[in-house]
Structure formats: C-alpha cells, structure tokens
Amino acid sequence: MATREQVRTAITTKVNALKATWVAYPLVVEYDNRTLVNLATQQNPYLKVSIMYMDGYQVDMSPTPNHRVIGTIIIEAFTKEGGGSKMANDLLQHFYPAMHMTDSMPPVRTYAAQFKTGRLFDGWQPEAAVIPFWFDSNA
C-alpha cells in the first residue's frame with residue numbers, strides 16, 4: 001500500500017531518469033510548489049510536471065479496506081510565444097511514452113495520455129500530456 005509521498009517520489013524519479021537522456025539542450029524541469037524557471041531569463045523550452053489528485057473510492061469491504069486514489073500527471077512543455085510547436089512536441093514525445101499505459105513507476109499505474117493546449121502564460125505557450133493514474137492505499 002502506498003502513500004502520496006511514495007507516489008511523488010516514483011513519478012519524479014521517472015521524470016529525472018528521462019531528463020538524463022534528453023540531449024538537445026540543458027533541460028529545466030519544474031515541479032509542483034518548486035519554482036526553478038525564471039521566465040524573464042529562460043531561453044530554452046522547459047518542462048513542468050504536476051500531480052493532481054482527482055478522486056478516490058473504497059476498493060473492498062474488509063475490516064481495513066483499501067482506498068484507490070485516482071489522479072493525473074500533467075507534463076507541460078513550455079515554449080516561447082511564436083516559436084512554433086515542434087520543440088514542445090519533441091519534449092512531450094520524449095517523456096510521455098515512458099509514463100503512460102504502464103506500471104513501471106510502482107506503486108503508480110497509468111492509463112493512456114490525453115493532450116491539451118494550454119493558455120499563453122507570460123509569453124510562454126504550454127502543450128500538455130495529461131496522464132491519468134491510480135494507486136492503492138489503506139490510509
């Protein structure tokens with residue numbers, strides 16, 4: 001049975017392993033509640049990874065029932081306004097295939113990614129892969 005911290009650790013470990021294989025330029029990855037990117041000086045596209053908890057339900061009727069927690073991993077590739085979508089697509093293509101439809105991040109299990117274009121933010125355009133996930137906990 002897993003905790004939210006174990007889930008966060010599993011996801012960030014996977015992202016960091018994938019980041020290590022990115023060779024196009026030094027990639028900055030920003031995580032929830034941890035700002036690393038200075039938008040005024042950032043030149044290259046960057047990645048933002050968020051975990052959003054959405055739902056949960058009781059899995060069984062035992063005296064200590066399991067709780068299935070459901071959420072989404074949001075991988076956003078930010079590129080400068082007017083720079084086109086190729087770099088964002090390249091970033092997403094590098095990360096999302098290893099993170100969706102898998103059980104390779106125990107205790108996290110993921111479903112197929114969905115894609116979303118975000119709103120322009122301070123001159124940066126986000127393109128996102130939204131990956132539904134679940135894990136079991138008895139908390």
Side-chain angles (χ1 to χ4, degrees):
M1 297 301 133
T3 65
R4 287 170 51 117
E5 181 57 19
Q6 289 170 323
V7 167
R8 185 197 65 78
T9 300
I11 293 168
T12 57
T13 298
K14 183 68 152 190
V15 170
N16 289 335
L18 291 165
K19 177 186 174 190
T21 63
W22 177 260
V23 296
Y25 52 85
L27 180 61
V28 177
V29 178
E30 186 172 282
Y31 292 99
D32 280 334
N33 200 27
R34 186 167 177 222
T35 303
L36 294 176
V37 177
N38 180 341
L39 297 180
T41 60
Q42 182 70 23
Q43 295 299 312
N44 291 322
Y46 68 95
L47 205 67
K48 181 175 182 181
V49 179
S50 304
I51 301 169
M52 182 183 295
Y53 290 95
M54 310 283 293
D55 201 359
Y57 57 89
Q58 185 173 324
V59 177
D60 55 54
M61 297 299 289
S62 74
T64 57
N66 290 321
H67 178 216
R68 180 149 297 160
V69 179
I70 300 167
T72 56
I73 303 164
I74 303 167
I75 303 170
E76 293 177 290
F78 284 83
T79 56
K80 284 198 170 192
E81 179 180 11
S85 58
K86 182 191 181 319
M87 292 174 125
N89 288 336
D90 289 348
L91 262 176
L92 290 178
Q93 189 62 43
H94 183 78
F95 283 85
Y96 95 85
M99 297 184 70
H100 83 141
M101 299 190 306
T102 187
D103 62 356
S104 67
M105 299 178 283
V108 178
R109 297 188 64 131
T110 61
Y111 297 109
Q114 303 167 18
F115 299 92
K116 172 185 160 192
T117 299
R119 292 185 184 182
L120 195 62
F121 176 76
D122 278 351
W124 290 85
Q125 178 65 53
E127 295 289 336
V130 179
I131 303 170
F133 75 89
W134 64 270
F135 71 94
D136 286 342
S137 162
N138 54 353

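In what follows, every heavy atom counts, from backbone to side chain, and hydrogens, waters and symmetry copies are set aside. It should be emphasised that the depicted structure is a prediction, and the values quoted were computed from it without experimental measurement.
When the side chains of ILVMFWY residues are joined at heavy-atom separations under 4.5 Å, either directly or via intervening members, Ile131 and Val69 end up in a single hydrophobic cluster. Note on Phe115 and Ile74: separate hydrophobic clusters, where clusters join Ile, Leu, Val, Met, Phe, Trp and Tyr whose side-chain heavy atoms are under 4.5 Å apart, directly or indirectly. Under the 4.5 Å side-chain heavy-atom criterion for grouping Ile, Leu, Val, Met, Phe, Trp and Tyr, Met101 is not connected to Val15 through any hydrophobic cluster. Met105 and Met54 fall into different hydrophobic clusters, where Ile, Leu, Val, Met, Phe, Trp and Tyr residues are linked whenever their side-chain heavy atoms come under 4.5 Å apart, directly or through other members. Connection of Leu39 to Leu36 is established within a shared hydrophobic cluster, with ILVMFWY side chains joined at heavy-atom distances below 4.5 Å, either directly or through further cluster members.
Listed for the Gln125 side chain is a donor-acceptor partner under 3.5 Å among the backbone atoms of Gly118. No donor-acceptor pair closer than 3.5 Å links the side chain of His100 to the backbone N or O of Ala112. Checking side-chain atoms of Ser62 against main-chain N and O of Thr64 turns up a donor-acceptor pair under 3.5 Å. Without hydrogens or angle criteria, Gln6 side chain to Arg8 main chain gives no donor-acceptor distance under 3.5 Å. At distances below 3.5 Å, not a single donor-acceptor pair connects side-chain atoms of Gln58 with backbone N or O atoms of His67. Using modelled atom types, no side-chain atom of Thr72 and backbone atom of Pro132 make a donor-acceptor pair closer than 3.5 Å.
With rounding to the nearest 0.5 angstrom, the CD atom of Glu30 is 9.5 Å from the CD atom of Gln42. One distance of note links NZ of Lys116 with CD of Glu127; it measures 10.5 Å at 0.5 Å rounding. Note: Trp124 CH2 to Lys80 NZ = 5.0 Å, rounded to the nearest 0.5 Å.
Taking the side chain as every heavy atom from C-beta outward, Trp22 and Leu91 approach each other to under 4.5 Å. Ser50 places a side-chain heavy atom less than 4.5 Å from the side chain of Lys48. Between Val7 and Glu5 there is no side-chain heavy-atom pair separated by less than 4.5 Å. Between Phe95 and Leu27, some side-chain heavy-atom pair lies under the 4.5 Å cut-off. Using a 4.5 Å cut-off on side-chain heavy atoms (C-beta onward), Lys86 and Asp90 make contact. In this structure, Val28 and Leu47 have side chains that are not in contact, with every pair of non-hydrogen atoms separated by 4.5 Å or more. Using a 4.5 Å heavy-atom threshold, the side chains of Val59 and Asp136 count as touching. Proximity of Ile73 to Met99: side-chain heavy atoms (C-beta onward) are separated by under 4.5 Å at one or more points.
A pairwise comparison of heavy atoms in Pro65 and Asp60 identifies CA-OD1, 3.1 Å as the closest pair. The two residues Ala2 and Phe135 have their closest heavy-atom pair at CB-CD1, 3.7 Å. Here the closest heavy-atom approach between residue Leu92 and residue Pro97 is recorded as O-CD, 3.8 Å. The minimum heavy-atom distance between Ala77 and Ala88, with the atom names listed, is CB-O, 3.7 Å.
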Determine, stepwise, if the pair Tyr31 / Asn16 fulfils side chain to side chain donor-acceptor pair (under 3.5 Å). CA-CA 11 Å; Tyr31 292 99; Asn16 289 335; 2.8 Å; yes
After noting the C-alpha distance and the side-chain angles of Ile11 and Ile51, does the key distance pass the side-chain contact (heavy atoms from CB on, under 4.5 Å) rule? CA-CA 9 Å; Ile11 293 168; Ile51 301 169; 3.7 Å; yes
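Among residue pairs with one or both ends in residues 103-114, those qualifying as side-chain hydrogen bond (donor to acceptor under 3.5 Å, both in side chains) are Lys14-Ser104, Thr102-Ser104, Tyr111-Trp134; sequence neighbours excluded. Applying the ring-ring contact (aromatic ring centres under 6.0 Å, His included) rule to pairs touching residues 70-92 yields Tyr46-Phe78, sequence neighbours excluded.
In this structure Asn33 satisfies the side-chain contact (heavy atoms from CB on, under 4.5 Å) test with no other residue, sequence neighbours excluded.
Judged by the 6.0 Å and 45° rule, Arg4 forms a cation-pi pair with Tyr53.
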